[in-house]
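To start, the structure under review is shown below, and the notes come after it.
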Amino acid sequence: MKYDPHSLEQKWQDIWEKERTFRSFRPGRPDAEKPKFYCLEMFPYPSGNIHMGHVRNYSIGDVLARFKRMRGFNVLYPMGWDAFGLPAENAAIQNGTHPASWTFSNIENMKKQLRRMGYSYDWTRELATCAPEYYRWEQAFFLKFLEKDLAYRKKASQHWCPSCHTVLANEQVIEGRCWRCDSEVEAKELTQWFLRISAYSEELLADLETLGKGWPERVLTMQRNWIGKSLGADIEFPLEEGTQRLRVFSTRPDTLAGATFMSLSAEHPLLDEILRGRPQEEEARAFALSIRNSVKTSAKGPEDLEKEGRFTGAYCLNPLTGARMPIWVANFVLAGYGTGAVMAVPAHDQRDYEFARKYDLPIQVVIQPENSPALRPEDMAAAYDRPGRLVNSGTYDGMDNEEAKGTVAGWLEERGLGRPSVQWRLRDWNVSRQRYWGTPIPVVYCDRCGMVPEKAENLPVLLPLEVQTHPDGRSPLPDSPTFCKARCPECGGEARRETDTFDTFVESSWYFLRYAASPADNGQAFNIEDLRYWMPVDQYIGGVEHAILHLLYSRFFIKALNDMGFIREIREPFSNLLTQGMVRMGGSKMSKSKGNVVSPSEMINRYGADTVRLFCLFAAPPERDFDWSESGIEGAYRFIQRVWRFCTDLAGKIPPAGPLSAGEEGPRDERARETRLREHAAIKKVGEDLENFQFNTAIAATMELFNHLLSTRDELLDEEPGRKALASATASLLTLLAPFTPHLSEELWQTLGFAGRAGEQPWPAWQAEALRRDILTIVVQVNGKLRARLELPAEASGEECEAAALTHDNIQKYIQGREIKKILHVPGKLINVVVA
RNA sequence: GCCGGAAUGGUGGAAUUGGUAGACGCAGCGGACUCAAAAUCCGCCGGGUGCAAGCCCUUGAGAGUUCAAGUCUCUCUUCCGGCACCA
């Protein structure tokens, strides 16, 4: 009978659906006695079709989910749709459809494609984020965020994507470009909604430690860098005139005596006052204005930008030395970091050095390196930023600079001129988007009461479906009188509704909670008991492109939801994270624009889902990128067909019993024994590899077992012990393959007349007894170089082995006439003879 | 610049965590079957040397630790990723 993947895959998919094979049990139900395992993949955006990246991601998750079920876990393995977002709107504008119908028809299509892959999702928990039943809870969270002061509105310069017609969060700007469409991002002053993620900086950073081994090192590093904690001191510099002080943050209070001037950002709050009435006022103001209006720096990177500044005409005083420091406005000082003002220490900071050289400002050395000639400002070609001892710093002269950091900060604190301080790179999350297809932000603006949050009982604030989209991408919401017109929840008067929608990353920050808790419950966001049982996610699988964005937002959300009482006792959402590599084609990422796309549907049509799954997992370790290879998938297909032919041919020739059980006496027959050994070696290897996500080597182990069965089949079929061993090993093979090629395994399991279902067998346990060999191969080295191999009975004593080694011809050659200094013996493995 | 990760045959990749380098697959070569081709099956497959047994070299480069290093340490090179005027 020929292998026909399509009919048999369809057959088993129907059976699984009918038998509801993959439903997960709620706490209190029979299977919930088992240990739980929450297996989660990053849910897809319903763009129309699944691509190979999805297939790889979900094949990894499915193998894991199936394996864990066989290992006796109550597995939660859900799937849903990240259904709000720009592409729906853009497609709608282009094709004249509605974003909703576009989205839902895509969902339907992609669901069909996922089903064809044979993924074992519990579809009863499916959700789509664009459904009011979903986003109403997000609106409820937002009201609580407002109440707890974790959400606020602020006018500030924002990243604006002219092509997407909306603002972007810091995390969504990659090298000055939009993460979605790659357009150059502009600066635009807007009033926007922010979530106060910065309130959790310390915890987000500290808890990365608790994720420890479960997360890839590089993701932890990326998050650490992004959060960007820096320790230092706030230092106050009195202005020469008046009573005001300029406050700066510095990581180098030890260099305070070397601060010879001050640099302010163009947006510094005191700039206006400092400049007023001075001769430099006009020019400095014009300069500051030009910086503020300049388009955000290009993709090239800011260090190419020439440092520029203007003198304000004013001075402040160095709190340590009393020196007069001219105050400048400088283009390289960031308004959003620290205090927006920097004490300039040109001798020990490269940027200050360049600035001082350009404008001929004084350079004062205050750190001297030890054991090298003294630094002199006139010979310096660059700032000196390494360790040393203090000079020109009064009473601190001679002190080690590391020690001086604390000492100077302490001195400042005693005099009320400063204090130790921490700065973070992490900015609050701008969640306002000027687009239509998203969750409405549930607030209104009332002429009398100002901004007023919608009342919880009025939720959801529905996104209106009857709107006319604008060809240029502008949101139609501000033009929708029915949407905008609202009652003020406070005074009942007329009010205007907020027309911005949430960033779609808000929806993806909590979807996994909804899957776990109460996907169909319209009475509450989460059933706390369910959450307590299922959370945290035991294994999360997705692309590394979300290392900062989604994975940081979700961590923040969990912490905030916890503190607001929506969930309990969960501080981190994902205990283990696997970031799978890209599927490439000809060395570069598959993309429609490059035209190097391999369509999963086409591959299923040609080879069947089992082959596609097997190849995706066999081609490379999951974390690594791999190139799609036509001959590679052919190889996987060949293997599957060989297994098919082998098993269908075996039907009726072997007993219909499954694996030999542990208590059963192993066969006496040589060949049967060898087969049993290979069987159990594979069981051991595949199980261990699956625990470590080494799918490629797990598959290799099943191939090895199969190759052995194929080459010994005829002899094994000759006599009863052989037939039993063959039946047992074949049953084990199909069981081991069940997570990878579930349809094939089930079909052949049935064909061979084994009882039950391959995929519902308990994962086989390997038996130490079966792995014992009678004859061992011992390698013999002389001075660490391999010189001989010995076949020795396993029960040979240490002395017998060594004697055999020393008398071996080739060994004799190397030790003859030389003194044996030592013999190292790794029992059962290796003997190393050390000679002089 | 700072922080992470990686480098093994023609190729994708293995190597029990310090103990037989190259598992498994792909490609290639030779053979069987066939009128022929495809499919399938059998054999070979890191380089050098030898009739053979064997020997020498080989895990990006160089040093070191060790009886023993792809694996540990140091230095360097190259590639990939992240952050980047963050004071």
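All chains are named by letter (A, B, ...) in the order of the sequence lines, taking the proteins before the strands, and each is independently numbered beginning at 1.
- At a threshold of 4.0 Å, the pair K358(A)-E306(A) counts as salt-bridged, since one of the basic side-chain nitrogens sits closer than that to a carboxylate oxygen.
- Under the rule for a side chain to side chain donor-acceptor pair (under 3.5 Å), T702(A) has no partner lying at least two apart in sequence or in another chain.
- When heavy atoms are screened at a 4.0 angstrom cut-off, R787(A) is found touching the sugar-phosphate backbone but no base atom.
- For U17(B), the glycosidic angle deviates from 0 by 90° or less, giving a syn base.
- Close placement of the F261(A) and F355(A) rings is indicated, their centers lying within 6.0 Å of each other.
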- [ ] Give the dot-bracket string for RNA chain B, reading 5' to 3', where a pair is Watson-Crick or G-U wobble with both distances under 3.5 Å, ( ) marks pairs inside the strand, [ ] marks pairs crossing earlier ones, | marks a partner on another strand, and . marks unpaired.
- [x] (((((((..(((......[....))).(((((.......))))).((((....))))..(((((..]....))))))))))))....
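- Rounded to an integer number of Å, the gap from E545(A) CD to C80(B) P is 19 Å.
- Atom OH of Y353(A) and atom C1' of G1(B) are 17 Å apart (whole Å).
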Can you give the donor-acceptor pairs under 3.5 Å from side chains of residues 829-836 of chain A to other protein atoms, not counting sequence neighbours?
| residue | atom | partner | partner atom | Å |
| --- | --- | --- | --- | --- |
| N832(A) | OD1 | N783(A) | N | 3.4 |
| N832(A) | OD1 | G784(A) | N | 3.0 |

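- Spacing between atom CD1 of I548(A) and atom C1' of G81(B) amounts to 11 Å, rounded to whole angstrom units.
- The stretch residues 248-259 of chain A participates, sequence neighbours left out, in these side chain to side chain donor-acceptor pair (under 3.5 Å) pairs: R252(A)-D254(A), D254(A)-N401(A).
- Side-chain atoms of N225(A) lie closest to G82(B) of the nucleotides G82(B), C67(B), A87(B).
- Look at the P atom in both G13(B) and G9(B): the space between them is 12 Å, to the nearest Å.
- Within 6.0 Å of atom CG in D809(A), 12 or fewer heavy atoms from other residues, nucleotides or ligands are found, so the atom counts as exposed in its surroundings.
- Judged by distance alone, with hydrogens and angles left aside, the side-chain atoms of H348(A) form a donor-acceptor pair with the main-chain N or O of Y384(A) at under 3.5 Å.
- Contact check of residues 336-347 of chain A against RNA chain B (heavy atom, cut-off under 4.0 Å) returns Y337(A), V342(A).
- The distance from atom CD1 of I227(A) to atom C1' of G82(B) is 14 Å, rounded to the nearest whole Å.
- Taking for each of D352(A) and G632(A) the nucleotide of RNA chain B with the nearest heavy atom, the 5'-most of the two is the partner of G632(A).
- In G9(B) the base sits syn relative to the sugar, since the glycosidic angle is no further than 90° from 0.
- C44(B) and G50(B) have their P atoms separated by 22 Å, with the value rounded to a whole Å.
- Counting any heavy atom pair closer than 4.0 Å across all strands shown, Y814(A) reaches sugar-phosphate atoms only and no base atom.
- G46(B) and U59(B): their C1' atoms are spaced 11 Å apart (whole Å).
- Pairs of residues two or more places apart, or lying in two chains, that qualify as side chain to side chain donor-acceptor pair (under 3.5 Å) and include a residue from residues 610-622 of chain A are D62(A)-R613(A), D610(A)-H743(A).
- One interatomic measurement links the two molecules: CD of Q223(A) to C1' of G81(B), which rounds to 15 Å at whole-angstrom precision.
- Screening K813(A), R818(A), Q812(A) for a side-chain hydrogen bond (donor to acceptor under 3.5 Å, both in side chains) involving Q816(A) leaves a single residue, Q812(A).
- With sequence neighbours excluded, the residues forming a side-chain contact (heavy atoms from CB on, under 4.5 Å) with M703(A) are F618(A), F639(A), I699(A), listed by chain and number.
- Distance noted for atom P between C51(B) and U58(B): 24 Å (whole Å).
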Task: Protein proximity profile, nucleotides 41-46 of chain B - base contact B, sugar-phosphate-only contact S, no contact -, cut-off 4.0 Å on heavy atoms - done: S-----
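- Listed by chain and residue number, D234(A) satisfy the side chain to side chain donor-acceptor pair (under 3.5 Å) test with R247(A) (two or more places apart in sequence, or in another chain).
- C45(B) and C24(B) are spaced 15 Å apart, taking the C1' atom of each and rounding to whole Å.
- Look at the C1' atom in both A27(B) and U20(B): the space between them is 27 Å, to the nearest Å.
- Taking the side chain as every heavy atom from C-beta outward, D352(A) and F332(A) approach each other to under 4.5 Å.
- Remark: the K821(A) side chain and the C67(B) base include no donor-acceptor N/O pair separated by less than 3.5 Å.
- Ionic pairing of E634(A) and R606(A) is not present here: no N-O contact between side-chain nitrogen and carboxylate oxygen is shorter than 4.0 angstrom.
- The separation of C55(B) from A6(B), taken at their P atoms, amounts to 35 Å, rounded to a whole angstrom.
- Within the 4.0 Å cut-off from OP1 or OP2 of C55(B), at least one side-chain nitrogen or oxygen of N810(A) is found.
- The distance from atom CG of L426(A) to atom P of C83(B) is 14 Å, rounded to the nearest whole Å.
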Open item on the list: Treating primed atoms plus P, OP1 and OP2 as sugar-phosphate and everything else as base, which nucleotides of nucleotides 10-24 of chain B get B, S or - for protein heavy atoms under 4.0 Å?
Closed with: --SSS-B--BB--BB
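- Nucleic acid contact for G228(A): none, since no nucleic acid atom lies under 4.0 Å from a heavy atom of the residue.
- With sequence neighbours excluded, the residues satisfying ring-ring contact (aromatic ring centres under 6.0 Å, His included) with H546(A) are H550(A).
- Proximity of R425(A) to the phosphate of A84(B): a side-chain N or O atom is located under 4.0 Å from OP1 or OP2.
- The gap from the C1' atom of G62(B) to that of A52(B) amounts to 38 Å, rounded to the nearest Å.
- For G82(B), the OP1/OP2 oxygens have no side-chain nitrogen or oxygen of R224(A) closer than 4.0 Å.
- Every residue two or more places apart in sequence or in another chain that forms a ring-ring contact (aromatic ring centres under 6.0 Å, His included) with Y553(A) is listed here: W429(A), F505(A).
- Spacing between atom CD1 of I778(A) and atom P of A68(B) amounts to 21 Å, rounded to whole angstrom units.
- Atom-to-atom, NZ of K785(A) to P of G54(B) comes out at 16 Å; the value is rounded to the nearest Å.
- S290(A) places a side-chain N or O within 3.5 Å of a backbone atom of F287(A) that can act as its donor or acceptor partner.
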